[in-house]
Amino acid sequence: MDPDFWHSRWANNQIGFHEGQPNDFLIKYIGRLGVRHGDRILVPMCGKSIDMIWLTDQGYRVLGVEISPIAVQAFFEENKLPAQQSVAGPFTRWQYDPIEILCGDFFALTAADLSDVAAVYDRAALIALPEGLRSAYARHLETSLPGALKHLLVTLDYPQAQMQGPPFSVDAAAVRRLFPEPCVIEPLDSRDALQDSPHLKKKGLTQLQENAFLLSRC
């Protein structure tokens, strides 16, 4: 996905993908990540997700990554958090403990940037990427994260022909292809999300499932 696409979406406030409350699957399954209070959780392509506030309220630290400076600034301003800014290699670091967001290209992350990450929560990253970039995303996580971590992955599954993403449809078979063995994939939950997504229903969707997976040893 061209970075200019996301800059344009945020500049024009075309952010129907933004959820104004914590994700139900995150609340229900955070315990399956095996993280302890004070551990740092990576939230890739985080936007201005309120999930990050919820995570810190539970006692975790958050490392977000987001390409849009509009999204990052909005997150801290809307939550009244006076973040400090600094340069961190190719990123602009916004920090207000226990939340740090690196503003820049996810694919510029290095192992050093993620050295103290204990788990991954992905609700918006994988489904934001067209098929051609998803494998690169999965491999970049694999090579940059410190060892085998658990991931809580939330995806959307719908007839892709009915709508041009993002968000894109990523079904269970696609998740298995992207994260092959020795990664262990456990389907956790699924719900009908169409009624809660009027902006997607207006685009012609007749079916929309939100699915949660636990990825281990990836």
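- Closest approach of Ser68 to Cys103, counting heavy atoms only: C-SG, 3.9 Å.
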Exercise for the section: Dump the intermediate steps for side-chain contact (heavy atoms from CB on, under 4.5 Å) on Leu214 and Leu33, then the final yes or no. Expected result: CA-CA 8 Å; Leu214 181 68; Leu33 286 176; 4.1 Å; yes
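- Partners of Gln95 according to the side chain to side chain contact (heavy atoms under 4.5 Å, CB included) rule, which considers only residues two or more places apart in sequence or in another chain, are Arg93, Asp97, Glu100.
- No side-chain heavy atom of Gln73 sits less than 4.5 Å from a side-chain heavy atom of Lys48.
- Considering only residues two or more places apart in sequence or on other chains, Pro159 meets the side chain to side chain contact (heavy atoms under 4.5 Å, CB included) condition with Gln162, Gln207.
- Identified under the salt bridge (charged side-chain N to carboxylate O under 4.0 Å, His left out) test for residues 128-146, with sequence neighbours left out: Arg139-Glu142.
- Side-chain contact between Leu109 and Leu102: present, with at least one pair of heavy atoms (C-beta onward) separated by less than 4.5 Å.
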Handout entry: Verdict with supporting geometry, Val170 and Leu156, side-chain contact (heavy atoms from CB on, under 4.5 Å)
Key = CA-CA 6 Å; Val170 180; Leu156 297 177; over 6 Å; no
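- By the ring pair (Phe, Tyr, Trp, His ring centres under 6.0 Å) test, Phe179 pairs with no residue at all, sequence neighbours left out.
- A ring-ring contact (aromatic ring centres under 6.0 Å, His included) check over residues 128-157, counting only residues at least two apart or in different chains, returns the pairs Phe106-Tyr137, Phe106-His140, Phe107-His140.
- For Ile27, the side chain to side chain contact (heavy atoms under 4.5 Å, CB included) partners at least two apart in sequence or on another chain are Pro22, Trp54.
- Using a 4.5 Å heavy-atom cutoff, the side chains of Leu63 and Asp113 are not in contact.
- Sequence neighbours left out, not one pair with a member in residues 143-164 passes salt bridge (charged side-chain N to carboxylate O under 4.0 Å, His left out).
- With a 4.5 Å cut-off on side-chain heavy atoms, Asn23 and Glu210 count as touching.
- Partners of Glu186 by side chain to side chain donor-acceptor pair (under 3.5 Å), not counting sequence neighbours, listed by chain and number: Arg32.
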Practice task
Decide side-chain contact (heavy atoms from CB on, under 4.5 Å) for Met52 and Ile101; before the verdict, give the C-alpha distance in whole Å, the side-chain angles of both, and the deciding distance to 0.1 Å.
Solution key: CA-CA 10 Å; Met52 294 187 286; Ile101 298 180; 3.8 Å; yes
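- Contacts classified as side chain to side chain donor-acceptor pair (under 3.5 Å) and involving residues 170-183 (residues at least two apart or in different chains) are not found.
- For the pair Leu145/Val120, a side-chain contact is recorded, criterion being any heavy-atom separation below 4.5 Å from C-beta on.
- In this structure, the side chains of Tyr158 and Leu200 stay at 4.5 Å or more apart for every pair of heavy atoms.
- Ser135 meets the side chain to side chain contact (heavy atoms under 4.5 Å, CB included) test with Leu178; sequence neighbours excluded.
- Residues passing the ring pair (Phe, Tyr, Trp, His ring centres under 6.0 Å) test with Phe76 are Trp94, sequence neighbours excluded.
- The ring pair (Phe, Tyr, Trp, His ring centres under 6.0 Å) test applied to Tyr96 returns no partner, not counting sequence neighbours.
- Looking at Lys28 and Asp189, a side-chain N of the basic residue comes within less than 4.0 Å of a carboxylate O on the acidic one, giving a salt bridge.
- Two residues are said to be in side-chain contact when any heavy atoms from C-beta on lie closer than 4.5 Å; Ile50 and Asn79 meet this criterion.
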